[in-house]
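Worksheet: one structure, shown below.
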Amino acid sequence: MGIVRFGAFVGWPITPGFEFSGTVAEVGKDAVGFEVGQKVFGLSLFNGYATEICVKADTLYHLPQNMTLEEAAGFPAVYMTAYHALLQLVIIRPTDKVIVHSAAGGVGSALLQLCRIKGIETIGVVGSTHKVERAKQMGATHVIDKSTQDLWPTIQQLYPNGPDVIFDANGGDSLQKGWDILARGGKMISYGVHTNLPKESGRINYLKLALAWLKAPRFNSLNMNQRSIITFNLSFMFDRKDLLKEAMDDLIGWLEAGKIEPLAVTTYAFEDVAQAHKDLQSGKTMGKLVLVV
Ligand SMILES: NC(=O)c1ccc[n+]([C@@H]2O[C@H](COP(=O)([O-])OP(=O)(O)OC[C@H]3O[C@@H](n4cnc5c(N)ncnc54)[C@H](OP(=O)(O)O)[C@@H]3O)[C@@H](O)[C@H]2O)c1
């Protein structure tokens, strides 16, 4: 990927992999709650693309009975992102009207399911028709298919007063247009900029990127009309173990109670990592892609 300079704070060379699952091979002398041979999953500030990983016990979780190791490897990052965005960054009310972009993707599917638990009405936005059913299954009250429907007028038809919360990882134009229709008092949660990146070829067009940066919406605190913009990055959770614990306790509880489900997983052999990245970048995949060592 190259443009995400995570190496600046975790050091080079960087091995990707933010989440993983497996079997405990060894337990440190101060680590409590785990035994050799137990099946576990967890989060790590990278290095997950590996046959072995050494992590602290407070980012490791026992495998719930109703989840496979493959499903567990794709569980924490998307659900943590959704949980933090929906339940730790804003106060959400049952009457709120929410827009979830990229609704059949990992974070989008997790957001829809958490909104369903909280009884919140949602519009899930998808980029192609084969994703509509998936967004409905994940709990979207309404689904807008951008490939066949006019997105912004349809949102305005469904929510004439504007949405109260928008979850946007598109960036650029989508961020500006969403901001323009946000209800008074509404919140824009901006957690990614994937429309600035290529879908098919994988080559970054730096000119396009520079133009996108120049055209990116600028927000002026004197002219926000009671609206807010919120951004975050999940890596911040590694410094906030209290928030991480609160989220994972709830998420594992909901998973065991059948209120949320692990995302559908497509597995790839470890050697096929390049293909997995190509498929991910195509924007056509649904659920999570998991490398099996
Ligand atoms: N801030 C954070 O801490 C944080 C944490 C996790 C993820 N993220 C960001 O959240 C976004 C979604 O992550 P995810 O795990 O849900 O991904 P995902 O499962 O791969 O879903 C991504 C979806 O985004 C849409 N998309 C639009 N333009 C795209 C492009 N140029 N390349 C790829 N997909 C594109 C596609 O859906 P449609 O065509 O249906 O729109 C695609 O299915 C990513 O941008 C990621 O970087 C941020």
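Values reported hereafter were calculated over all heavy atoms of this structure, with side chains retained and with hydrogens, waters and symmetry mates removed. If you're wondering where the values come from, they're calculated on a predicted model, not measured in any experiment. Atoms within a ligand are numbered from 1 in the order they appear, just like the ligands themselves.
The distance criterion of under 3.5 Å between nitrogen or oxygen atoms is not met by Gly108 with respect to ligand 1.
With ligand atoms numbered from 1 in the order given, ligand 1 contributes 16 (O), 19 (O), 21 (O) to contacts under 4.0 Å with heavy atoms of Gly105. Counting atoms of ligand 1 from 1 in the listed order, those under 4.0 Å from a heavy atom of Leu280 are 20 (O). Taking every non-hydrogen atom of Gly106 and a distance limit under 4.0 Å, the qualifying atoms of ligand 1 come out as 16 (O), 18 (P), 19 (O). Of all atoms in ligand 1, numbered sequentially from 1 with element shown, those under 4.0 Å from a heavy atom of Gln281 are 32 (N), 33 (C). For ligand 1 and Leu234, the ligand atoms under 4.0 Å from any heavy atom of the residue are 2 (C), 3 (O).
Distance check for atom 37 (O) of ligand 1: a protein heavy atom is found below 4.0 Å.
A donor atom on one side chain and an acceptor atom on the other are found under 3.5 Å apart for Ser174 and Asp168.
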Worked verdict on Asp279 versus Ser282 for side-chain hydrogen bond (donor to acceptor under 3.5 Å, both in side chains) = CA-CA 5 Å; Asp279 291 351; Ser282 75; 5.5 Å; no
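If you check each of His194, Arg134, Lys288 against atom 12 (C) of ligand 1, the one with the closest non-hydrogen atom is His194. For atom 10 (O) of ligand 1, the choice among Phe232, Tyr191, Phe236 with the nearest heavy atom turns out to be Tyr191.
Heavy-atom neighbours of Lys56 NZ from other residues, nucleotides or ligands within 6.0 Å: at or below the threshold of 12.
The backbone and the side chain of Val107 each have at least one atom closer than 4.0 Å to an atom of ligand 1 (non-hydrogen atoms only).
The distance between the ring centers of Phe41 and Phe20 does not fall below 6.0 angstrom. Checked against the 6.0 Å centroid criterion, the rings of Tyr79 and Tyr83 do not qualify as a close aromatic pair. Note: Tyr49 and Phe18 fail the aromatic proximity criterion, with ring centroids not under 6.0 Å apart. Checked against the 6.0 Å centroid criterion, the rings of Phe167 and His101 do not qualify as a close aromatic pair.
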